[in-house]
Amino acid sequence: MTGLVPRPRPRKPAGLTDPTAVDAAVSALASGGVVAHGFANFYALATAPDLAAVQRMNLLKGRPAGQTGSITLPPARLPGVFDWTRMPDGAHRDRVLAVADLLFALGPIGLRGPAAAHVPEHLTAAENGVRTVQVIGPGYACPSHRFLAHALARTGHAFLAITSANRSRRQTGAAEEPAHWQASHLRAEFDGEPALTFLEHHDEPAARRRFPHHQPMSTTVVAFRNTTAHQGRLIVERQGSLPLDLVERTAAQAGFAVVLADRAATPLRQRSYHTRQPHPPDTAMRGNVHDRDTSRQTRSASESSDERR
């Protein structure tokens, strides 16, 4: 009698909560690789912050090697990446950290402000002669902090470079390429990339439930601009996962008014795994920000905010 051929066991994904998988991902990153990992309720790509690693990550996505990147770090290290002497009047250290704490308590968010001297040039963008850095954080509740802390301890870096997990629209030709929030589709898109290590959400629906206020997509980005018109205000430079009304209410708790940047009038799209992409949510439904920033003087940095997602 011919023996039956055993069926292959389904692949067990390397998960964020698996210490062995986390250690392997950190080893890959420390060797110059890129890690695609669960980040809040979607996926991000992370690598070491040195120029060569950031360039490799950019090329992996299909975008220019020299494109400016964002950084990620534990919230406790946030004070060390900003130049507090260049913060605008009204954006005092205690107030900025208070609003950051409130936003991280809700979930993922992006914060842009004047960059400390040790932040490398390739991770900064100029605005009115001031170097700025964009910090993308997953929120306090995200289990990716285990991976991040382990990676920083192993490499000795103060932060990692980060970007959304997707091919660049420059490569695909699409009008927009939203971040992935399902690992199976992310793997399919980057199939066969030897420099990419995956570290998946253990339970993707649970990851999305963990952040009920956020859509599974690139983060909303807010900035502190050192101009007279923006003193004491948060500038929403990108309408992402956190609705504007929640940004407005949360900022008010720390004494900040909110202004919507002109180029941020259209919200980002959430990736659809169907044939057609959904229309972006109506701005009024995402929140009511009463002021509109129509300044064109800050275009280079705010454009970079959108591109760096």
Side-chain angles (χ1 to χ4, degrees), residues 11-40 42-81 108 110 115-124 133-140 142-168 179-180 183 186-187 189-202 207 219 308-309:
R11 178 188 61 83
K12 180 180 179 181
L16 279 173
T17 57
D18 180 351
T20 301
V22 169
D23 188 66
V26 168
S27 295
L29 184 143
S31 299
V34 179
V35 178
H37 65 94
F39 187 88
F42 66 111
Y43 283 88
L45 303 181
T47 193
D50 60 273
L51 178 59
V54 174
Q55 288 178 337
R56 282 193 295 272
M57 184 166 68
N58 281 338
L59 293 173
L60 180 71
K61 286 191 62 165
R63 62 187 190 179
Q67 187 163 319
T68 301
S70 301
I71 68 172
T72 190
L73 75 178
R77 296 193 184 194
L78 183 66
V81 298
H118 67 90
V119 179
E121 291 295 325
H122 60 276
L123 293 174
T124 66
V133 61
Q134 184 168 288
V135 181
I136 306 294
Y140 292 131
C142 183
S144 67
H145 284 295
R146 179 199 298 260
F147 160 70
L148 178 58
H150 193 6
L152 297 181
R154 174 83 67 87
T155 63
H157 295 304
F159 44 79
L160 298 181
I162 193 167
T163 184
S164 59
N166 55 276
R167 294 287 190 187
S168 170
H180 279 283
L186 175 61
R187 282 182 175 274
E189 186 165 279
F190 285 91
D191 184 42
E193 291 286 358
L196 188 60
T197 300
F198 288 86
L199 199 57
E200 300 179 16
H201 287 297
H202 175 70
T219 65
R308 285 186 286 183
R309 73 168 100 141

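Residue numbers run from 1 in the order of the sequence given.
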Item to complete: Taking the side chain as every heavy atom from C-beta outward, state whether R146 and P143 have any atom pair closer than 4.5 Å.
Response: no
Worksheet entry | Non-hydrogen atoms of L199 and G15 that approach each other most closely | CD1-O, 3.4 Å
Worksheet, complete the sentence: Sorted by chain and residue number, the side chain to side chain contact (heavy atoms under 4.5 Å, CB included) partners of A195 (sequence neighbours excluded) come out as none
Practice prompt. For E189, enumerate each residue passing the salt bridge (charged side-chain N to carboxylate O under 4.0 Å, His left out) test, keeping only those at least two apart in sequence or located in another chain.
Written response: none
Worksheet item: Does the ring centre of H201 sit less than 6.0 Å away from the ring centre of Y43?
Response: yes
Discussion item. Testing the basics here: between V119 and V81, what is the closest heavy-atom pair and its distance to 0.1 Å?
Written reply: CG2-O, 3.9 Å
Practice prompt. Please examine the side chains of F159 and V135, heavy atoms only from C-beta on, and report whether any two atoms are closer than 4.5 Å.
Written response: no
Fill in: Minimum-distance pair of heavy atoms, taken over all atoms of S144 and H37
CB-ND1, 4.1 Å
Worksheet entry | Counterpart residues, side chain to side chain contact (heavy atoms under 4.5 Å, CB included), relative to L59 (two or more places apart) | A65
Response to the item:
K61 and N166 have their tightest heavy-atom pair at CE-O, 3.0 Å
Worksheet entry | Non-hydrogen atoms of A48 and V54 that approach each other most closely | O-CG2, 3.8 Å
Worksheet item: Within the distance-only criterion (no hydrogens, no angle test), does the side chain of T47 pair as donor or acceptor with the backbone N or O of G33 below 3.5 angstrom?
Response: yes
Practice prompt. Using the test salt bridge (charged side-chain N to carboxylate O under 4.0 Å, His left out), find all partners of R167 that sit at least two apart in sequence or belong to another chain.
Written response: E193
Worksheet item: Considering only heavy atoms from C-beta outward, does the side chain of T163 approach that of Q67 to under 4.5 Å?
Response: no
Worksheet, complete the sentence: S31 meets the side chain to side chain contact (heavy atoms under 4.5 Å, CB included) criterion, sequence neighbours left out, with none
Fill in: Results of side chain to side chain contact (heavy atoms under 4.5 Å, CB included) for A52 - residues two or more places apart only
D50, R56
Worksheet, complete the sentence: d(R77 CZ, L148 CG) to nearest 0.5 Å is 8.0 Å
Practice prompt. Could you tell me which non-hydrogen atom of F147 sits nearest to which non-hydrogen atom of L29, and how far apart they are?
Written response: CZ-CD1, 4.0 Å
Worksheet entry | Side chain to side chain, P75 and H145, heavy atoms closer than 4.5 Å | yes
Fill in: Main-chain N/O of A151 paired to H157 side chain as donor or acceptor, under 3.5 Å
no
Worksheet entry | Distance in Å, L186 CG paired with D191 CG, rounded so as to fall on 0.5 Å steps | 11.0 Å
Discussion item. Are the side chains of L45 and L196 in contact, using a 4.5 Å heavy-atom criterion?
Written reply: yes
Fill in: Distance, nearest 0.5 Å, that separates CG of L60 from CD of Q55
13.5 Å
Item to complete: List for me each residue that meets salt bridge (charged side-chain N to carboxylate O under 4.0 Å, His left out) alongside D23, sequence neighbours excluded, and say none if there are none.
Response: R154
Worksheet item: Do the non-hydrogen side-chain atoms of P49 and I71 ever get within less than 4.5 Å of each other?
Response: no
Response to the item:
Value for CG (L73) from CD1 (I136), rounded to nearest 0.5 Å, stands at 11.0 Å
